[in-house]
Amino acid sequence: MFETLNKTAPDAIVEMIKIAAADTSPKKIDLGVGIYQDEVGATPVMRAVKKAERLWFDEEDSKKYIGIHGNPEFNRLFSELTFGDGAEILTSGRLAVAQSAGGSGALRLGTELIKMANPGTTVWVSTPTWANHTPLIGSTGLPVKPYPYYNKETQTIDFDDMCATLRNEAKPGDVVVLHGCCHNPTGADLSQDQWRIIADLLIEKSLMPFVDLAYTGLGDGLDADTFGLRLLVDKCPELVLATSCSKNFGLYRERTGMVAAIARTPEEADLCRSQIGLIMRRMISMPPDHGAALVAKILSTPDLKADWLSELETMRLRMSGLRQSLAEALSVQGAEQMANAIASQKGMFSLLPVSPEQAEKLRSEHSVYLLNSGRINIAGARAEMIDGLADAILAVL
Ligand code: LMR
């Protein structure tokens with residue numbers, strides 16, 4: 001039967017991991033996949049994670065199943081971290097959460113929940129958006145439509161067009177995917193005023209936010225990075241959240257994340273909880289525990305939590321320092337618009353105004369690995385590479 005299958009086109013991001021790894025040039029600058037790299041180009045296990053693993057090795061006394069909603073301690077502590085300690089939503093009864101297999105698992109569970117509740121809904125995603133959003137969300141069968149977000153020419157957010165499209169084209173009951181912080185792939189985040197306008201628009205048009213929050217702590221800091229989410233939680237009657245520990249805890253391969261649904265009433269939140277459990281059971285039965293157990297250990301142990309927060313802040317500052325250096329190196333050489341855009345963007349990513357051909361040239365002639373879309377992950381650079389990187393970008397432009 002398998003002769004009927006077609007070979008799939010390679011996934012742009014997964015493929016770039018392989019292509020960059022194959023280049024052994026000492027000049028190589030790998031700005032491809034969205035993983036954090038330190039000042040020597042390594043992605044080490046975070047200190048608090050290592051310590052939690054040593055403790056957990058002694059403490060874990062069974063590998064028996066936990067349950068379809070995952071690790072309850074993780075769900076509680078990670079919800080407190082995400083929504084804010086003491087946040088009203090935590091005790092309102094309106095919140096249903098489940099641990100997920102990474103942020104992608106959370107996106108899948110959240111989309112399936114939306115489909116169960118309203119199979120006629122359309123999901124709106126930003127242009128551009130994370131390369132896996134449309135395939136992942138679309139594979140549930142729900143229609144996915146784009147709303148304008150970022151203008152690659154002017155390197156600014158197309159906020160008026162975004163609002164006009166959502167206002168005029170989205171139907172009541174549709175869902176709008178919003179990047180909570182560190183927009184992937186552009187790094188261009190909504191300002192606090194823009195979040196307020198979007199919140200009002202969603203309410204006025206009866207649209208539901210689906211917040212994807214995968215980079216908390218890596219933009220402006222943990223609390224600042226949840227501003228948009230927390231505002232929507234306060235204002236909107238319903239919301240779905242997909243969040244992840246891949247980047248901020250460095251738990252990429254452990255597949256640790258959380259899906260949350262906020263309903264109008266505790267009764268409706270119970271319905272969400274039971275449906276998420278059913279979807280999980282049918283899909284992977286139960287989420288993996290190891291990463292969630294480590295996060296729970298870190299968040300419940302004050303010195304581990306303090307160490308994690310301090311390392312996370314070091315990572316954030318390293319990335320914003322690299323951004324400023326790249327912006328300076330580019331503005332000296334006369335590319336002010338690009339320099340200003342890079343300096344003002346947040347988190348790992350920025351979208352360079354290059355064509356796929358120019359991106360290919362950067363790879364083949366300069367050993368600079370970036371996606372064909374022009375997306376760079378600034379964490380892949382090192383201080384001593386910045387001038388060379390700026391020269392290479394300007395040479396292909
Ligand atoms: C990325 O955007 O590079 C990361 O989120 C990794 C992935 O799976 O795409």
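When a ligand or atom number is given, it counts from 1 through the structure's own listing order. Atom set for the values below is all heavy atoms of this structure, side chains included, hydrogens, waters and symmetry mates excluded.
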**Arg108/Ser139 under side chain to side chain donor-acceptor pair (under 3.5 Å): CA gap, chis, key distance, verdict** = CA-CA 9 Å; Arg108 181 79 199 198; Ser139 65; 2.7 Å; yes
**Request:** Specify side chain, backbone, both or neither for Tyr252, according to which of its non-hydrogen atoms lie closer than 4.0 Å to ligand 1.
**Result:** neither
**Prompt:** Among the heavy atoms of Val33, does any lie under 4.0 Å from an atom of ligand 1?
**Reply:** yes
**Prompt:** Which residue and non-hydrogen atom of the protein lie closest to atom 5 (O) of ligand 1, and at what distance in Å?
**Reply:** Lys247 NZ, 3.0 Å
**Item:** Charged N-O contact under 4.0 Å between Glu59 and Lys297
**Value:** yes
**Request:** Report yes if some N/O of Gly34 lies less than 3.5 Å from some N/O of ligand 1; otherwise report no.
**Result:** yes
**Prompt:** Would you call Glu60-Lys63 a salt bridge at under 4.0 Å N-O?
**Reply:** yes
**Request:** Classify the contact between Asn184 and ligand 1 as side chain, backbone, both or neither, using a heavy-atom distance cut-off of under 4.0 Å.
**Result:** side chain
**Asked** Hey, are Glu204 and Arg167 close enough for a salt bridge, meaning a charged N less than 4.0 Å from a carboxylate O?
**Response** yes
**Aromatic ring proximity Phe349/Tyr215, centre distance under 6.0 Å** = yes
**Asked** Where is the nearest protein heavy atom to atom 9 (O) of ligand 1: which residue, which atom, and how far?
**Response** Trp130 NE1, 3.0 Å
**Prompt:** For the ring pair His183 and Tyr150, is the centre-to-centre distance below 6.0 Å?
**Reply:** no
**Asked** With a cut-off of 4.0 Å, which atoms of ligand 1 are near a heavy atom of Arg375?
**Response** 1 (C), 2 (O), 3 (O)
